[in-house]
Amino acid sequence: MPQPCALVWFRNDLRVSDHPTLAMAAASGLPLLCLYILDAESPGLRPPGGASLWRLDRALAALERELASRGGELHFLRGPAETLLPEVARAANAQRIFWSRRYSGAEIALDIRLKQALREQGREAYSCNASLLAEPWQVISKSGGAFKVFTPFWRALREKIAPPPPLPAPERLSAAPWPAGAPQSLAREALRLAPSRPNWAAGFPDPDAGEAGARKRLGEFLDHTVEHYATNRDRLDRDATSRLSAHLHFGEISPRQIISAAPPHPGADKFLAELGWREFSCHLLYANPDLAWRNFNPRFDGFPYRADDSAQKDLPAWRRGETGYPVVDAAMRELWTTGFMHNRARMVVASFLTKHLLIDWREGESWFWDTLIDADEANNAASWQWVAGCGADAAPYFRIFNPVLQGEKFDPDGAYVRAHCPELAGLPMSCLHKPWAAPASVLAEAGLRLGETYPRPIVDHDFARRRALDAFTMMTA
DNA sequence: TCCCGTTTTGA
DNA sequence: CAAAACGGG
């Protein structure tokens, strides 16, 4: 029997600073076994999409370095956590097992089963919140249940949080050896997280991952960008958002670290409200474990989405960025080529899919799940439902974005469209966001052949808007 | 975190 | 006559 040790099971908390259970484990004085399990098998766990796996590899590499520089070591396994974790705990003689909580239904159920199994082995299993400002069950409405509207939720949460200062990273870790008799641990490279599709993701921008990268990004954002966040955040053509989403998703930075670093400022308030939406999404997912596949508002169960052959053609056109609406296409291509999409663009393309094309939001949700490096079950599901009109505190259904106006308003110089749709780059501003309205001479000048080098709109805006409003009326009738 | 047709305002 | 304001989806 090896020396007793503490086992830290890393999941979406891939950092060493402000990490409550790592701090506890380090303070226990026991040697530490740090473990990551790539689990695509446990029932109900949603396997990460391709872009997310690619990003995960970066996050894990960074965590490996952070741990190694403190004397720790990160080990990897692939397979069902439910069997692997107890096996490792037994072989390693782990007295205490630590992890940070996750909040989807299947994740919670798995944690409950694991805690029970570990306790039956006579071990202490301890979990803790590392990714939220408050536990989803701690924010309660006056009527005693979960909130359904953002503003009162955020007010209640803000009253609740007087966050203790973030925890420092443990300075020295003593690594327990990988136990004999445990399943063979793998090198990170052997997890094969890069997409198998040739070269997809090869061109993704690759800013520093890990907590060092997150800290750097936060610092730049707070120094230069947050001041004008409220006015610039919707501009597609500017780097005016925090871009912390993937860092947050993988737990490379905690919301507590962000809050405690943000200066009191109107721009910062607006930004912190976005952290509030993140908390709200998790709150909703916790209260509605089926949020990713079931309409939050059941009235939408009868919504007449199109399911005919023509809709089957429109979905790939949307995915590929070939709808004929420049701002939609630029956004969808930004997603495919960079693994990221601007928040405003996400709303525009989601509105286009669900309202202009009358395609079920779940189709869009699953495409985002596979292609976003920051894909997050709570944010993705809650936000798609919000745009589709069936979600909590949703946009009224009749809020249908006009992709031309959105383009003209939020990409007024056309830099965003030109960057992602180079075939449109030669068009003047007057028709960049509506090439179908360009005179033949302008098209010729720009070297653009509509229907050949760039598609005509797959659906007419006025027609689609009318059709969507009618569909909504049909549902409510 | 909207759009659009219509009316009103005000230079 | 253009811009602002309004009301409804």
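Convention: sequence-line order gives letters A, B, ...; per-chain numbering from 1.
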- prompt: How would you list all residue pairs meeting side-chain hydrogen bond (donor to acceptor under 3.5 Å, both in side chains) that involve residues 411-425 of chain A, not counting sequence neighbours?
  reply: Arg333(A)-Glu423(A), Glu334(A)-Tyr416(A)

field: Residue-phosphate contact under 4.0 Å: Gln406(A) side-chain N/O, dC3(B) OP1/OP2
entry: yes

- prompt: Which atom pair, heavy atoms only, marks the closest approach of Val149(A) to Phe280(A)?
  reply: C-CZ, 3.7 Å

Selected nucleotide, minimal atom distance to Arg233(A) side chain, candidates dT1(B), dC2(B), dG9(C): dT1(B)

field: Whole-Å gap separating C1' (dT1(B)) and CG (Asn232(A))
entry: 15 Å

- request: Using atom CG of Leu405(A) as one end and atom C1' of dG5(B) as the other, report the distance to the nearest whole Å.
  value: 14 Å

query: Expressed in angstrom and rounded to an integer, what is the separation of Phe401(A) atom CZ from dG9(C) atom C1'?
result: 16 Å

- request: State which residues pass side chain to side chain donor-acceptor pair (under 3.5 Å) with Ser141(A); sequence neighbours excluded, sorted by chain then number.
  value: Ser143(A)

Phosphate OP1/OP2 of dC4(B): any His461(A) side-chain N/O under 4.0 Å: yes

query: What nucleotide among dC4(B), dT1(B), dG9(C) has an atom nearest to a side-chain atom of Leu469(A)?
result: dG9(C)

Listed partners of Ala62(A) passing side chain to side chain contact (heavy atoms under 4.5 Å, CB included), at least two apart: Arg65(A)

- prompt: Is the shortest side-chain N/O distance from Asn402(A) to OP1 or OP2 of dC4(B) below 4.0 Å?
  reply: yes

- prompt: Ile400(A) CD1 to dC2(B) P: how many Å, rounded?
  reply: 13 Å

- prompt: Expressed in angstrom and rounded to an integer, what is the separation of Phe410(A) atom CZ from dT1(B) atom P?
  reply: 12 Å

field: Donor-acceptor pair between His228(A) and Arg235(A) side chains, under 3.5 angstrom
entry: no

message: Could you tell me how far apart Leu236(A) (CG) and dT1(B) (C1') are, to the nearest whole angstrom?
response: 13 Å

message: Without decimals, in angstroms, what is the distance between Lys355(A) NZ and dG9(C) C1'?
response: 11 Å

Anything under 3.5 Å between a donor and an acceptor, one on a side chain of residues 258-270 of chain A, the other on a protein residue two or more places apart or in another chain? List them.
residue, atom, partner, partner atom, Å
Ser260(A), OG, Arg256(A), O, 3.2
Ser260(A), OG, Gln257(A), O, 3.3
His265(A), ND1, Gly267(A), N, 2.8

Distance, rounded to the nearest Å, where Asp462(A) contributes CG and dG9(C) contributes C1': 15 Å

Residue list, side chain to side chain contact (heavy atoms under 4.5 Å, CB included) with Ala156(A), at least two apart or on another chain: Val139(A), Phe147(A)

Residues within residues 377-399 of chain A bordering DNA chain B, heavy-atom distance below 4.0 Å: Phe398(A), Arg399(A)

